Chemist: 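Dropping the structure in here first, questions after.
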There are 2 protein chains.
Amino acid sequence: MNTPNRDPDIEKLVLELRRGVITLAILGQLSGEQYGYSLIQLLAEKGLQVEQGTIYPLLRRLEDQGLLQSDWRIEDSRPRRYYVISPRGKELLPELKSEWSALVQAMERML
Amino acid sequence: MNTPNRDPDIEKLVLELRRGVITLAILGQLSGEQYGYSLIQLLAEKGLQVEQGTIYPLLRRLEDQGLLQSDWRIEDSRPRRYYVISPRGKELLPELKSEWSALVQAMERML
DNA sequence: CATTATACTGTGTATCACACAGTATTGTCA
DNA sequence: TGACAATACTGTGTGATACACAGTATAATG
């Protein structure tokens, strides 16, 4: 993975760009249930590449912070930990969204 | 400073959102010369609050990385360190911009 | 002449994305 | 059937970095 053949300077900057956004993306997508692996694929589909080593710890962290809920379930075959946004998360999401669009607008004024 | 009376959880998340963007904003604004203090005000005008403790180290770091150039000058009264984008920075900026809009678009699909 | 605004230099800390390593199960297809 | 890829997770370590906090010093303003 890791978008090859690209200037490593750019790579680092882009990584920092993406950084904060990942949490917002996850909260936005977890109105419906997802487990880690499916979430990675979902985000990739929408154009956001995120590593396993990023997603899994992040999901646990967000659950610790009370923004997500999870339960460990054995459907189908493999056991999977399913995550959904929590009430607290639902409460914060719109505010985060509006902060995001404020940021996007500020950037539009600057670029 | 520090946008008062706001949920500290949100504050932390917004901070992470803003994080990577600051570099992009600075590069975008330094087509014209600025010194640290004036840059802070310029960004604030456009809607991006950044602390002194963020800007000054960041400017030095970006110069170390070769994205900015500076010279120390005594105009008017006080001595000031003036920064401009470097050739290298000019080279990377468009690529960073397009990564940014890709990110914005991905977010639009998700929110 | 005291206070505020200007303008900078540090040091320290917490957060966090990702690298890397490891485990185990379930297809798939030759 | 047996190797290999895909699926699905846990865990540790590292590097980057925004901001807090502290300090210095000059200029403008009342």
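Sequence lines set the chain letters: A, B, ... in the order given, protein chains first and strands last, and positions in each chain run from 1. Note that the coordinates shown come from a computational prediction; the quantities given were computed from them, not determined experimentally. Every heavy atom of this structure was used, including side-chain atoms; hydrogens, water molecules and symmetry mates were not.
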Chemist: Please report the distance, rounded to the nearest Å, between CD in Q34(A) and P in dC9(D).
Modeler: 11 Å

Chemist: Does P57(B) or Q41(A) map to a spot on DNA chain D nearer the 5' end, using the closest nucleotide for each?
Modeler: Q41(A)

Chemist: OP1 or OP2 of dC19(D) sitting under 4.0 Å from any side-chain N/O of R18(B)?
Modeler: yes

Chemist: Once you apply a heavy-atom cut-off of 4.0 Å, does G36(A) come out as touching a base, just sugar-phosphate, or nothing?
Modeler: sugar-phosphate

Chemist: State plainly whether the residues E91(A) and R88(A) are in salt-bridge range, i.e. N to O under 4.0 Å.
Modeler: yes

Chemist: Exactly one of L59(B), L62(B), L93(B), L67(B) should register a side chain to side chain contact (heavy atoms under 4.5 Å, CB included) with L30(B). Which one does?
Modeler: L59(B)

Chemist: Has R60(A) got a side-chain N or O lying under 4.0 Å from the OP1 or OP2 atom of dT10(D)?
Modeler: yes

Chemist: Starting from P on dA25(D), measure out to CH2 on W72(B) and report it in whole angstrom.
Modeler: 13 Å

Chemist: So, is R61(A) close to the dA17(C) phosphate, meaning a side-chain N or O under 4.0 Å from OP1 or OP2?
Modeler: yes

Chemist: Applying a 4.0 Å non-hydrogen cut-off, can you work out what Q52(B) is touching in the nucleic acid: base, sugar-phosphate, or nothing?
Modeler: base

Chemist: Please state how far atom CG in L62(A) lies from atom P in dC16(C), giving the value in whole angstrom units.
Modeler: 8 Å

Chemist: Rounded to whole Å, how long is the line connecting atom CZ of R73(B) with atom C1' of dC8(C)?
Modeler: 16 Å

Chemist: Please give, in whole Å, the distance from dA14(C) C1' to R19(A) CZ?
Modeler: 10 Å

Chemist: Counting side-chain heavy atoms from C-beta on, which of dT9(C), dC19(D), dA17(C) comes nearest to T54(B)?
Modeler: dC19(D)

Chemist: Output the rounded distance in Å from CZ (R78(A)) to P (dT10(D)).
Modeler: 14 Å

Chemist: From CD1 of I55(A) over to C1' of dG11(D), roughly how many Å is that when rounded to an integer?
Modeler: 17 Å

Chemist: Relative to the 5' end of DNA chain C, which residue comes earlier, I22(A) or P79(A), by the nucleotide with the nearest heavy atom?
Modeler: I22(A)

Chemist: Please confirm whether the backbone N or O of K46(A) pairs with a side-chain atom of R109(B), one donor and one acceptor, at under 3.5 Å?
Modeler: yes

Chemist: In whole Å, I'd like the distance from the OH atom of Y35(A) to the C1' atom of dA6(D).
Modeler: 11 Å

Chemist: With rounding to the nearest 0.5 angstrom, report the CD to CG distance, E99(A) to L24(A).
Modeler: 11.0 Å

Chemist: Is any side-chain nitrogen or oxygen of Y56(B) closer than 4.0 Å to OP1 or OP2 of dT9(C)?
Modeler: no

Chemist: Can you check whether Y37(B) has a side-chain N or O nearer than 4.0 Å to OP1 or OP2 of dT6(C)?
Modeler: yes

Chemist: Taking the six-membered ring of Y82(A) as reference, does the NZ or CZ atom of R73(A) fall below 6.0 Å from its centre and within a 45° cone about the axis?
Modeler: yes

